Amino acid sequence: MVNAIQVIAIDGPSASGKGTVAQLVAEKLGFHYLDSGALYRIVALAAQQKNIAWDNAEALGELAKKLNINFKNGEIFLGNDRITELVRSEEISRGASEVAIHPQVRNALFDLQQSFRKAPGLVADGRDMGSVVFTDAKLKIFLTASVEVRAERRYKQPIGKNTIHKGLGANYAQILHDLQLRDTRDGQRRTSPLIQTPDAVLLDTSNRTIDEAVEFVLNEYNKKLHKNVLSH
Ligand code: DC
């Protein structure tokens with residue numbers, strides 16, 4: 001059955017700026033927003049809290065099915081706990097990339113991700129939004145930037161106000177190294193690796209501002225809508 005609710009899928013590597021761009025595009029269009037990476041981060045954090053190893057695929061799959069996750073006003077809650085900054089630490093970033101290789105975890109999160117598709121539309125960001133979760137997305141963007149540019153952006157980005165945790169001590173070389181490892185793991189895993197599908201439009205933000213990237217996505221979306229009107 002054709003789902004009439006439009007989706008814009010924005011996939012790309014870590015720290016490419018896709019989250020910021022996706023949120024701004026959603027705001028401009030009045031669409032809902034799904035940060036699918038946050039779900040993998042939450043699984044990694046919840047596993048750590050319950051002493052479940054990030055390579056224990058079966059236990060992680062069971063855990064992922066039962067999570068009580070809430071997104072409210074830009075904040076993330078796990079049960080009653082606010083975990084917005086906790087899930088963004090360098091340690092949990094690595095954990096998210098590790099738990100995401102397991103099909104058990106990906107399957108457990110599939111329906112939850114699809115439940116974000118609500119009128120008037122959805123902007124979803126991640127690694128497999130266009131290739132697996134929303135294959136019928138109206139527009140698919142592959143948003144990337146060179147690994148050096150991404151490391152520099154991550155280095156300059158404060159994790160949160162008054163937050164002290166492991167990620168904050170990281171230096172540029174360490175961040176660059178971690179990003180390279182994550183790129184390899186996310187791009188080479190067997191299940192739903194990060195790939196640019198043939199129907200995705202490439203957006204390299206190495207030399208673009210956030211506003212220019214947002215403008216680009218909105219333009220591409222309008223082109224798709226216009227194309228449909230013309231072909232009817
Ligand atoms: O987008 P992010 O950096 O918050 O994602 C964190 C990790 O989650 C990333 O290293 C890989 C994984 N991920 C995934 O496998 N599939 C997605 N759709 C989103 C994220």
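Here the structure is a predicted model, which means the values were calculated and not measured. Start at 1 and go down the list; that is how both ligands and their atoms are numbered.
Scanning all protein heavy atoms for the shortest distance to atom 8 (O) of ligand 1 gives Tyr40 CB, 3.5 Å. Looking only at heavy atoms of the protein, atom 16 (N) of ligand 1 is closest to Arg106 NH2, 2.9 Å.
Under the 4.0 angstrom criterion for non-hydrogen atoms, Arg88 is in contact with ligand 1. Residue contact check for ligand 1: Arg185 places no non-hydrogen atom closer than 4.0 Å to it.
The N/O atoms of Asp125, backbone and side chain alike, include none that comes under 3.5 Å of an N/O atom in ligand 1. Ligand 1 has an N or O atom lying under 3.5 Å from an N or O atom of Ser36, backbone or side chain. At least one N or O atom of Asp128 sits closer than 3.5 Å to an N or O atom of ligand 1. Polar contact with ligand 1: absent for Ser93 (N/O pair, distance under 3.5 Å). For the pair Arg127 and ligand 1, the shortest N or O to N or O distance falls below 3.5 Å.
For ligand 1 and Lys18, the ligand atoms under 4.0 Å from any heavy atom of the residue are 1 (O). If you number the atoms of ligand 1 from 1 as listed, the ones under 4.0 Å from a heavy atom of Ser14 come out as 3 (O). Of all the atoms in ligand 1, the ones that sit under 4.0 Å from a non-hydrogen atom of Met129 are 18 (N).
To the nearest 0.5 Å, atom CZ of residue Arg190 and atom CD1 of residue Ile101 are 10.5 Å apart.
The proximity of Asp186 to ligand 1, defined as any non-hydrogen pair under 4.0 Å, is limited to the side chain. When heavy-atom distances to ligand 1 are checked against a 4.0 Å cut-off, Arg189 comes that close only through its side chain, counted from C-beta outward.
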